[in-house]
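Working notes, structure below.
To find a chain, count down the sequence lines: A is the first, B the second, and so on, and within it residues start at 1.
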Protein chains: 2
Amino acid sequence: MAIPGSSHAASPSARIVSIDDLRAHCSSCSMRELCLPFGLGSGEIEQLFAIIGSRVKLRKGEALFRNGAAFSALFAIRLGSMKTTMLSDDGREQIAGYHMPGDILGLDGISSGRHECEAIALEDTETCLIPFERLEEVAREIPALQHSLHRVVGREIGQDHRQLLLLGSMRAEERLAAFLLSLSERYRRRGYSSTEFVLRMTREEIGSFLGLKLETVSRLFSRFQEEGLVQVQGRAVKIVDLPTLKKLAGVH
Amino acid sequence: MAIPGSSHAASPSARIVSIDDLRAHCSSCSMRELCLPFGLGSGEIEQLFAIIGSRVKLRKGEALFRNGAAFSALFAIRLGSMKTTMLSDDGREQIAGYHMPGDILGLDGISSGRHECEAIALEDTETCLIPFERLEEVAREIPALQHSLHRVVGREIGQDHRQLLLLGSMRAEERLAAFLLSLSERYRRRGYSSTEFVLRMTREEIGSFLGLKLETVSRLFSRFQEEGLVQVQGRAVKIVDLPTLKKLAGVH
DNA sequence: CGCGCCGTTGATATTATTCAAGACCAGTGG
DNA sequence: CCACTGGTCTTGAATAATATCAACGGCGCG
């Protein structure tokens with residue numbers, strides 16, 4: 001499973017690209033505010049950047065890591081988007097996360113030393129590979145980096161908890177409304193339109209993420225459109241009536 | 001909301017007890033293998049112990065921290081059990097976690113500086129208060145502690161992901177079976193019986209944790225008993241047919 | 001062009017919830 | 001001691017929500 005010339009886990013088809021591009025540098029990365037560099041001085045960013053040995057490019061559908069793979073690194077998404085999926089023993093899959101640029105992947109592997117989920121690219125995607133042991137070393141020297149790592153980890157836990165609330169206590173239409181609002185907010189924070197965006201997942205994947213079947217998702221999109229909440233054409237979504245959508249999702 | 005003489009968040013009725021008991025020491029705590037001290041040498045445990053200024057005792061129903069409270073510390077459960085609950089804006093609550101001795105609570109507050117859930121004692125419970133800033137300081141000096149903290153965090157994320165799988169893709173009977181197996185395993189690791197234990201939650205709380213209504217949980221317990229999988233008397237549970245239970249939960 | 005994947009929609013089936021009634025149990029005060 | 005009370009648990013019947021099954025249209029791509 002290992003890539004020739006690399007001790008880090010990634011799928012065989014992934015291509016590792018050595019750094020030859022200045023835009024790849026943390027200090028000029030447009031995601032630095034959301035990612036590990038947040039709060040670091042320029043010298044400190046330099047130290048962080050020094051351990052990011054490579055970028056990993058994935059084509060749509062390729063895996064960054066697979067279930068059971070040895071854990072040795074975190075990955076920061078630079079460009080594109082990914083899903084993380086949990087697999088039950090009988091083959092069903094549950095999408096546990098939908099990740100965008102600035103998100104950090106792979107935290108699930110820290111405790112057991114093996115990844116307990118899979119990370120699959122939803123489109124052509126580029127990530128930074130961050131060797132975890134070296135990150136720990138540098139974090140011991142740079143309090144701000146240590147804190148930033150903890151902040152990222154806490155963000156992941158918070159997101160998971162909100163998803164638990166969604167799956168455990170919301171009805172189908174509330175789930176979809178909450179999902180759209182969450183996307184809206186996350187695009188906004190990244191400087192994109194918060195009202196018009198393109199979904200990167202199929203209806204089936206959205207259903208898996210929300211604990212629903214694809215037909216239910218499709219029907220809900222149709223109904224939301226009828227009711228004038230959104231305009232949907234395939235994966236292109238335009239949020240029309242934000243207040244009502246918020247009310248639906250239970251946000252007051 | 002702050003306790004007189006303490007800068008750390010906890011409910012007003014919680015009593016802080018200064019350390020006057022040798023059994024309170026990390027090195028003699030029966031949970032040290034599951035908790036932060038794991039993997040530390042005795043000198044290092046001493047340094048960790050030095051920052052644990054106090055224990056927090058809670059009576060059944062009392063809160064360790066509430067939603068929105070300022071985050072300043074983690075808490076390690078020494079004795080008893082707790083639930084963490086997420087609150088939706090419209091008042092519904094979702095139990096996100098069921099925690100036992102050795103578990104670390106409060107990680108959800110790291111990223112925003114405020115707790116995003118509530119931690120409530122399910123029975124009389126005792127926890128160690130671990131000031132987070134000081135923990136970060138000491139973790140920078142002791143790689144093993146730093147790693148142990150990361151391991152604990154990763155464990156939490158893994159557990160959340162498994163719960164997402166449960167809520168998103170399992171049917172009611174699978175959820176209850178998986179819940180019982182998870183309890184069984186966690187009691188086993190703590191040196192208790194893995195086949196006979198007492199639930200610390202009401203049917204309603206179990207339902208909330210599993211995304212079900214209390215009546216559904218009650219019916220399932222009755223059915224599992226009829227089918228000879230378990231013996232249930234109120235909250236006392238005895239697992240009778242482990243293999244079938246595992247098959248139900250989708251574990252092969 | 002034809003194939004495969006994706007999305008929509010309708011009819012039906014299944015699952016879990018809701019509503020309702022009553023049993024049980026521990027604690028409390030007369 | 002006993003009746004009373006509030007919380008918990010169980011069970012049944014009716015209902016609502018979502019899944020399943022099935023058919024078909026569209027779109028992109030080789």
So does A:Glu173 have more than 12 non-hydrogen atoms from other groups sitting under 6.0 Å from CD?
yes

For atom CD of A:Glu126, is the number of surrounding heavy atoms from other residues, nucleotides or ligands below 6.0 Å larger than 12?
yes

How many whole angstroms separate atom [atom1] of [X] from atom [atom2] of [N]?
X	N	atom1	atom2	value
A:Arg92	D:dA19	CZ	P	13 Å
B:Leu199	D:dT8	CG	P	14 Å
A:Leu167	D:dT18	CG	C1'	15 Å
A:Leu220	D:dT18	CG	C1'	10 Å
B:Phe221	D:dC9	CZ	P	9 Å
B:Arg235	D:dG7	CZ	P	13 Å
B:Arg223	D:dC9	CZ	C1'	18 Å

Could you state the interatomic distance from CE (B:Met31) to CD1 (B:Ile104), rounded to the nearest 0.5 Å?
12.0 Å

From CD (B:Glu174) to CG (B:Leu176), nearest 0.5 Å:
11.5 Å

Pair A:Phe221-A:Arg203, side-chain contact (heavy atoms from CB on, under 4.5 Å): steps then yes or no
CA-CA 10 Å; A:Phe221 271 127; A:Arg203 299 290 188 261; 3.6 Å; yes

So where does chain A start and stop touching DNA chain C, 5' to 3', when the test is distance under 4.0 Å to a non-hydrogen atom?
C:dC6 to C:dA11

Does the salt bridge (Lys or Arg N to Asp or Glu O under 4.0 Å) test come out yes or no for B:Asp103 and B:Arg190, once each step is laid out?
CA-CA 11 Å; B:Asp103 286 348; B:Arg190 284 163 178 79; 3.1 Å; yes

For DNA chain C, find the residues of residues 208-217 of chain A with a heavy-atom distance under 4.0 Å and give them by number; none if there aren't any.
A:Leu214, A:Glu215

Go through the steps to decide whether B:Arg155 and B:Leu34 satisfy the test side-chain contact (heavy atoms from CB on, under 4.5 Å), and finish with yes or no.
CA-CA 10 Å; B:Arg155 188 174 62 187; B:Leu34 290 165; 4.2 Å; yes

Determine, stepwise, if the pair B:Leu167 / B:Gln94 fulfils side-chain contact (heavy atoms from CB on, under 4.5 Å).
CA-CA 11 Å; B:Leu167 290 176; B:Gln94 169 70 27; 4.0 Å; yes

Under 4.0 Å, heavy atoms only, any strand: does B:Ser222 hit a base, just the sugar-phosphate, or nothing?
sugar-phosphate

Will you find, in the side chains of A:Thr85 and A:Glu118, an N or O donor that is under 3.5 Å from an N or O acceptor?
no

Begin from the C-alpha positions of A:Arg235 and A:Thr202 and carry the test side-chain contact (heavy atoms from CB on, under 4.5 Å) through to its verdict.
CA-CA 8 Å; A:Arg235 302 198 190 172; A:Thr202 65; 3.2 Å; yes

For A:Tyr98 and A:Phe179, take the angle between the two ring planes, folded into 0 to 90°, and tell me which bin it lands in: parallel under 30, tilted 30 to 60, perpendicular over 60.
tilted

Pairs under 3.5 Å (N/O, protein and nucleotides 13-17 of chain D):
unit_1: D:dA13; atom_1: N6; unit_2: B:Arg219; atom_2: NH2; d: 3.4

